[in-house]
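The figures that follow rest on heavy atoms only: side chains count, while hydrogens, waters and symmetry mates do not. Each chain gets a letter, A, B and so on, in the order the sequences are listed, and its residues count up from 1. Owing to the predicted nature of the structure, the values given are computational and were not obtained by experimental measurement.
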2 protein chains.
Amino acid sequence: MPQRVTHETAQCPVARAVDVIGDRWSLLIVRDAFDGIRRFNDFQRNLGLAKNILSSRLRELVTHGILEIVPAAEGGAYHEYALTQKGRDLFVILVSLRQWGEDHLFEDAEPHSVLLDTKNNKPVRKLEVTDAKGRLLDPSEAFVRKVAS
Amino acid sequence: MPQRVTHETAQCPVARAVDVIGDRWSLLIVRDAFDGIRRFNDFQRNLGLAKNILSSRLRELVTHGILEIVPAAEGGAYHEYALTQKGRDLFVILVSLRQWGEDHLFEDAEPHSVLLDTKNNKPVRKLEVTDAKGRLLDPSEAFVRKVAS
DNA sequence: TCCAACTGGTTTCAACTTGAAACCGCTTGA
DNA sequence: TCAAGCGGTTTCAAGTTGAAACCAGTTGGA
């Protein structure tokens, strides 16, 4: 009986993270949330995904504590979806995906959207993995210590 | 006729990146590749996924230029899968997923694997999004400039 | 006040994807 | 030589995705 494999109890944080946000829509919904989108219909129009899928993804994101349902800003009868702190902490992941995409998924002359900082209107700096002292770290200079089992 | 939605031609690098590596297995295969795994059976045993799925994911990763097929290190008849530069550049993404997972998907006392730098045996530093001058940037201080359409 | 349009979904159903298991030809090692 | 391992492919059932239709409650404009 093939049901979806889960890594909920994995000891590797990467596996658990992929389990929560590793699908084709969740991170795009979060990206839109960072762009200020908060309403069901706005997500739906902007992403162009089916309403039933959006509904199920929003429910999962709320269940995982990445989004929360809040009363509409203008006080109407409708509600909105807002990022929690856990959701805002996905910012680094989105930036890393963005930078990798910029570097490897566009032709040289091909236009793409850019992430700027509000104050200077300049692109965000390239993310770097560094050691405890702040020195740049090559993937070959790092290793995963597994937890004793 | 519902076939998978694609973001191959999106102008947002996040969308294109999610299109390529946004599924439940690709990033875990890449993670294992960083851990030194190179052979089909080793991936399969380590990840515990069905062989047909592994086969199709490896093929996709090779097609996207993230892995490449190389002759076996010991010179046998078999071949191996090795990360390309494009694949090694996924390191930051894996680290960002790992750090978010560590922060939000484990109980305080729950053990998890840790990424250490080889030289000092100390955990890698927390990734930070900074502006062009290296100043820490809050998500609220950044915005996406869309490309003219 | 009334009604049309919009909001935020759920339901239905077919197509597509995933997963387990069986199978298969080639290589390696004892 | 021959059994076990490697690197897959095939088959088929079950699960997931997507499009479209539908629906109750809300809002806005005449």
Inset, instruction - Name the nucleic acid region contacted by Phe43(B), choosing base, sugar-phosphate or nothing; use a 4.0 angstrom heavy-atom cut-off, strictly under. - result: nothing
Inset, instruction - Name the nucleic acid region contacted by Arg39(B), choosing base, sugar-phosphate or nothing; use a 4.0 angstrom heavy-atom cut-off, strictly under. - result: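 Since only primed, P, OP1 and OP2 atoms lie under 4.0 Å of Arg39(B), the category is sugar-phosphate.
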Separation of atom [atom1] in [X] from atom [atom2] in [N], rounded to whole Å:
X        : N       : atom1 : atom2 : answer
Leu49(B) : dT9(D)  : CG    : P     : 14 Å
Leu58(A) : dT17(D) : CG    : P     : 14 Å
Asp42(A) : dG8(C)  : CG    : C1'   : 12 Å
Ile53(A) : dG9(C)  : CD1   : P     : 15 Å
Phe40(B) : dC26(C) : CZ    : P     : 18 Å
Lys51(A) : dA21(D) : NZ    : P     : 12 Å
Leu28(B) : dT18(C) : CG    : P     : 14 Å
Ile37(B) : dC6(D)  : CD1   : P     : 13 Å

Inset, instruction - Write down the atom of Leu67(B), the atom of Ala33(B), and the distance for their closest heavy-atom approach. - result: CD2-CB, 4.4 Å
Inset, instruction - Indicate, yes or no, whether a donor-acceptor pair under 3.5 Å links the base of dG25(D) to the side chain of Tyr78(A). - result: yes
Legend entry - Member of Glu110(B), Glu107(B), Glu102(B) meeting the salt bridge (Lys or Arg N to Asp or Glu O under 4.0 Å) criterion with Arg16(A): Glu110(B)
Inset, instruction - Identify, between Arg57(A) and Gly76(A), the residue whose nearest nucleotide on DNA chain D lies closer to the 5' end. - result: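 Counting from the 5' end, the first nearest nucleotide belongs to Arg57(A).
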Legend entry - Upstream residue (5' side of DNA chain D) when Glu60(A) and Asn41(B) are each assigned their closest nucleotide: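 Its nearest nucleotide lies further toward 5', so the answer is Asn41(B).
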Legend entry - 4.5 Å side-chain heavy-atom contact, Trp100(B) and Leu105(B): yes
Legend entry - Nearest to side-chain heavy atoms of Asn52(A), which nucleotide of dT11(C), dG8(D), dC22(D): dT11(C)
Please determine if a side-chain N or O atom of [X] lies less than 4.0 Å away from the OP1 or OP2 oxygen of [N].
X        : N       : answer
Tyr81(B) : dC6(D)  : no
His79(A) : dT7(C)  : no
Arg45(A) : dT7(C)  : yes
Arg59(A) : dT10(C) : yes
Ser55(A) : dG9(C)  : no

Legend entry - Arg98(B) and Ser113(B) side chains, donor-acceptor separation under 3.5 Å: yes
Legend entry - Under 3.5 Å side-chain donor-acceptor pair for Asp23(A) and Ser26(A): yes
Legend entry - Ser56(A) vs Trp25(B), nearer the 5' end of DNA chain C by closest nucleotide: Ser56(A)
